Undergrad: 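Shown below is the structure under consideration.
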Amino acid sequence: MSDPVGKLPSELDQLPDRDTEETAEWAASLDAVAKAAGTRRAEYLLRRTLQHAEAAGLALPKLLETDYVNTIPTSAEPEFPGDMEMEAKITAWNRWNAAAMVTRGSKYGVGGHIATFASAAWLYETGFQHFFRGKEADGSGDQLYIQGHASPGIYARAFLDGRISEQQLDNFRQESGGNGLPSYPHPRRLPWLWEFPTVSMGLGPLSAIYQARFNRYLQNRNIKDTANSHVWAFLGDGEMDEPESTAALALASREQLDNLTFVINCNLQRLDGPVRANFRVVQELEAQFRGAGWNVIKSLWGSAWDELFQLDTTGALVRRLREVPDAQFQTYATRDVAYIRQHFFGANAELVQLAGVLSDAKIAECFHSSRGGHEPRKVYAAYKAALEHKGAPTVILAQTVKGYTLGAGFESKNANHQMKKLTIDEFKDMRDLLGLPIPDSAFADGVVPYGHPGADSPEVRYLNERRAALGGPAPARKVHHVALPAPAERSFAPLIKGSGKQEMATTMAFVRLVKDLMRDKETGKRWVPIVPDEARTFGMESLFPSAGIYSPLGQTYEPVDRDQLMYYKEAKDGQILNEGITEAGAMADFIAACTSYATHGEPMIPFYIFYSMFGWQRTADQMWQLADQLGKGFIVGATAGRTTLTGEGLQHADGHSHLIASTNPASLNYDPAFAYEIAVIVKDGLRRMYGEKPEDVFYYLTVYNEPKVQPAMPEGVEEGILRGLYRFNTAADLAEAAPAADAPKIQLMASGTAIHWALEAQQLLAADWNVAADVWSATSWGELRRDALECDEALLRGEVRTPYVTRALEGVTSPVLAVSDWMRQVPDQISQWVEQDWTSLGTDGFGLSDTREGARRHFGVDAQSIVVAALAQLARRGEVPASAIKEARERYGL
């Protein structure tokens, strides 16, 4: 066979052919088949050969796309183990109550989504009846990531099993009274039911992957036996367009997470219309997942299609299914048989002939409703195959009709995502279709009734028996509190006593503290260091050989730095999660570790360290997910502030993360200036998050890469450190050039690295201008504001409370000047509760590349700028001459 014209070279051209005659014979055989039986037959033989080669274990590239048919043929489906008629009744009740709940709520204007669960009902019910392990089973049970828009169906099931009342169903999306149901899976709002918040699109799939990975992490570190825990993530085909949805597919296959299954409900509809109007999302997803190394199972067609495929002796039907785009198939689901005969089967003579032997009823059944995702036998076969597959995660692509069983007004309509209710007549039609014993008299008042067969009915007994066999109710969240003992004081002592004459950055102080805490006999193994590929930047390389970097494969190579003291060591029981360049992945790791106390009954103490600019700005959505999931741990924004890493330029210059962090009610935000402050904050954080009375909070600490001498902790400052403010020193404490007793006074309030500029300014003010400045360390602008807001709220209840910041400054008559390496809005958060004259300095604007000194002069926050600002504040009060401002600017070169 001659090479085709214009043939491009391939990798095969680089390999030696030891038998060119044999190769030519194979090629000639293929040519002969194509000539005698047609190209389609030749294609079929090639694909069969590749399939056989894969089954035989030959190392050939896999096909990324297969025919648009079910992966598991009908003949290979396992026997269905349940009572299909009983399960159909249970599913019918859940369909009804889900639709009723949303419809009844619509009269209050709260809305809801009906069509998603209607399409996915059997995907959930089959899992609940036969696969999803509950919390009362051995281990931790399964982890279920429920598609958010399907939550009405989950509530309906909880109503059927008695865990939710009719009153609660009527309070769907009406939570303020305390007896309502959140719109989506929200553990913070309904912590006994929901485990994982999923509606922030794309974060569910990402979190599910890292949850499955963290399960293995706990297993490999001998902390918890998670061998029987399986992670199920239910997703929409439209949701897969989110970049986070597919961001970690390669990680899942690389680490062989066969404890993970994605179930993608392919109803071919996004929120506004078809998912791939001109293309086929199922085929696209198959190629994407196969290319990433996943096991792919397609469950597309219901049993009604069996007859069509048996009649398709030429392959014309299968080829036609591969041609039809999503939007057209959606149209077929809403049009009459005549339209389908013309536009689908009329595509070629072979299909016309096939359609000629099909009844109108058969065609209508196939194209209007018969989908793999609507048949429990096919769903069961897919789930069973997923669990039995080893060595790779599985994705199930299940095709459904969006709005299935809701009637012609809903099914496959572009607008069905926004449609919030059915009419009474539509409900009656649905009742008849589902065969529910609900009489017309139940609609007498014009309100659709809820339906329940009775607590002792065969349906409820069957449901409870199945759940008992699988380990109890699901979904469910159960917390068995395990208080961790406080670490030994010796871990905190080095930071409390200071660094002497040695300079040390607060980043290094934090890492040193954690390194000591990881040696604690009681709690050391529970620390989970997480870093996205810059551990060396933060001085964490000393942890590599001692703690090890987690890898399920261990270390299969000899590291290039093996002969060095701090070599790169990977281990199956490694403690460090050293991610690639993926803040989203590291944050997903963090969430899984932060919530292990609930998911697995094993409290872990994660700390996630990163360039502060790449935290809240980049992954704030996941921080909210963390708060929703009631996570506990330490987030550490290193190389913080706008001027401490200025050589890197604008994109590394964080001056606003504390503002973003302040929007999250669960985040306790600190900007410590000294190492001893870090020790006090971390110690108290361990108590608050892991002690006898744990709180559902997490910590955000900002630390700096600027080496400074770390002082010893003064006496009596612990409360101020934790509350957010204390006086570090006074002008009288200055060893030299102390101002006169009657000198003008000012209060310099600073956080983080800015404390050093304030201390230098304190000396300049005393020596050059006879101004007495006290310096205050504001460890947390956010906690000061939180406390003040609580005092304001108490006042509305008739309680008179004074904010801590107001009390701390009580008796001070001089003005306050606040300064930080953050935008002015950060310290200005507390200004309304400061009774003294207030002004602030900050790093507003874009970052820039320069030296630290140059950048601080640019933003007007260096010591000399603080002096000028202080003089200006005092001049407005008439306490220094106005000429002092100009004189100071000239003296300091401003």
Side-chain angles (χ1 to χ4, degrees), residues 65-74 76-78 80 87 91 95 115-132 144-147 149-150 153-154 204-205 208 230-240 245 260-270 274-276 280-290 294-306 321 326 329-330 333 366-389 393-405 411-412:
E65 185 180 326
T66 61
D67 283 325
Y68 203 62
V69 297
N70 294 346
T71 302
I72 304 172
T74 302
E77 290 172 5
F80 188 78
E87 293 182 23
T91 305
R95 287 182 182 278
T116 296
F117 178 72
S119 69
W122 276 114
L123 300 179
Y124 290 106
E125 278 302 316
T126 305
F128 285 128
Q129 302 289 14
H130 301 285
F131 293 96
F132 304 158
L144 308 180
Y145 287 76
I146 305 294
Q147 190 179 2
H149 292 156
I154 309 304
H230 198 85
V231 178
W232 300 83
F234 288 84
L235 317 168
D237 46 1
E239 182 181 4
M240 300 311 295
S245 294
L260 170 68
T261 297
F262 277 13
V263 181
I264 303 181
N265 180 15
C266 299
N267 55 38
L268 313 186
Q269 286 186 253
R270 293 182 293 135
V275 179
R276 290 290 180 273
R280 291 156 299 282
V281 70
V282 169
Q283 300 300 87
E284 179 182 318
L285 290 173
E286 178 185 29
Q288 195 168 13
F289 278 86
R290 281 184 178 273
W294 286 53
N295 174 45
V296 178
I297 298 173
K298 292 194 290 190
S299 183
L300 307 179
W301 310 113
S303 56
W305 284 82
D306 289 348
L321 291 174
D326 285 357
F329 216 93
Q330 180 185 348
C366 287
F367 283 82
H368 292 168
S369 62
S370 183
R371 302 290 187 273
H374 295 325
E375 297 194 7
R377 186 182 300 276
K378 295 192 180 297
V379 175
Y380 179 87
Y383 286 6
K384 187 172 186 292
L387 290 182
E388 291 174 351
H389 186 83
T394 294
V395 59
I396 296 170
L397 304 175
Q399 188 172 182
T400 66
V401 173
K402 192 167 186 177
Y404 184 61
T405 74
E411 292 182 358
S412 292

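Computed from a prediction, not measured in an experiment: that's the story for all the values here.
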Undergrad: Given His374 and Tyr404, is the side-chain contact (heavy atoms from CB on, under 4.5 Å) satisfied, shown in steps?
TA: CA-CA 9 Å; His374 295 325; Tyr404 184 61; 3.4 Å; yes
Undergrad: I want to check something: taking the side chain as every heavy atom from C-beta on, are Glu375 and Ser303 in contact at a cut-off of under 4.5 Å?
TA: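 Heavy-atom side-chain distance check passes, below 4.5 Å.
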Undergrad: Ignoring hydrogens and angles, state whether a donor on the side chain of Gln283 or Glu65 is under 3.5 Å from an acceptor on the partner side chain.
TA: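 A pair is found: one side chain offers a donor N or O, the other an acceptor, under 3.5 Å apart.
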Undergrad: Just to verify, what does Thr400 make a side chain to side chain donor-acceptor pair (under 3.5 Å) with, not counting sequence neighbours?
TA: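 Side chain to side chain donor-acceptor pair (under 3.5 Å) check on Thr400 returns Asn265.
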Undergrad: For Thr66, enumerate each residue passing the side chain to side chain donor-acceptor pair (under 3.5 Å) test, keeping only those at least two apart in sequence or located in another chain.
TA: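 In terms of side chain to side chain donor-acceptor pair (under 3.5 Å), with neighbours along the sequence ignored, Thr66 is linked to Glu286, Lys298.
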Undergrad: Given Val401 and Phe367, is the side-chain contact (heavy atoms from CB on, under 4.5 Å) satisfied, shown in steps?
TA: CA-CA 10 Å; Val401 173; Phe367 283 82; over 6 Å; no
Undergrad: Using the side chain to side chain contact (heavy atoms under 4.5 Å, CB included) criterion, which residues pair with Asn70? Sequence neighbours excluded.
TA: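 Only Leu300, Trp301, Lys378 meet the side chain to side chain contact (heavy atoms under 4.5 Å, CB included) criterion with Asn70.
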Undergrad: Given side chains that start at C-beta, do those of Phe262 and Ile396 come closer than 4.5 Å, heavy atoms only?
TA: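 Not in contact.
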Undergrad: Is the closest side-chain heavy-atom distance between Phe131 and Val379 below 4.5 Å?
TA: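 No. Closest side-chain heavy atoms not under 4.5 Å.
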Undergrad: I want to check something: taking the side chain as every heavy atom from C-beta on, are Trp122 and Arg371 in contact at a cut-off of under 4.5 Å?
TA: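 Contact flag for Trp122/Arg371 side chains = no.
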Undergrad: Is the closest side-chain donor-acceptor distance between Thr116 and Gln147 under 3.5 Å?
TA: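 No.
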Undergrad: Indicate yes or no: at least one non-hydrogen side-chain atom of Leu397 is less than 4.5 angstrom from one of Ile297.
TA: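 In short, these two side chains do not touch, never coming nearer than 4.5 Å.
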Undergrad: Can you confirm whether Val231 sits close enough to Tyr145 that some side-chain heavy atom of one is under 4.5 Å from a side-chain heavy atom of the other?
TA: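 Side chain of Val231 against side chain of Tyr145, heavy atoms only: contact under 4.5 Å found.
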Undergrad: Scan Val263, Thr261, Leu260, Ile264 and name whichever one has a side-chain contact (heavy atoms from CB on, under 4.5 Å) with Val395.
TA: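 The single option meeting the side-chain contact (heavy atoms from CB on, under 4.5 Å) with Val395 is Ile264.
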Undergrad: Does a donor on one side chain sit under 3.5 Å from an acceptor on the other, for His149 and Glu239?
TA: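 Side chains of His149 and Glu239: no pair found under 3.5 Å.
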Undergrad: Measure the shortest side-chain to side-chain distance between Gln399 and Phe329 over non-hydrogen atoms and say whether it is less than 4.5 angstrom.
TA: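 Yes. Closest side-chain heavy atoms under 4.5 Å.
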Undergrad: For Glu388 and Lys384: C-alpha separation, side-chain torsions, deciding distance, then whether salt bridge (Lys or Arg N to Asp or Glu O under 4.0 Å) applies.
TA: CA-CA 6 Å; Glu388 291 174 351; Lys384 187 172 186 292; 2.4 Å; yes
Undergrad: For residues Gln330 and Gln269, determine if any side-chain heavy atom of one lies less than 4.5 Å from a side-chain heavy atom of the other.
TA: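 With C-beta onward as the side chain, the pair touches.
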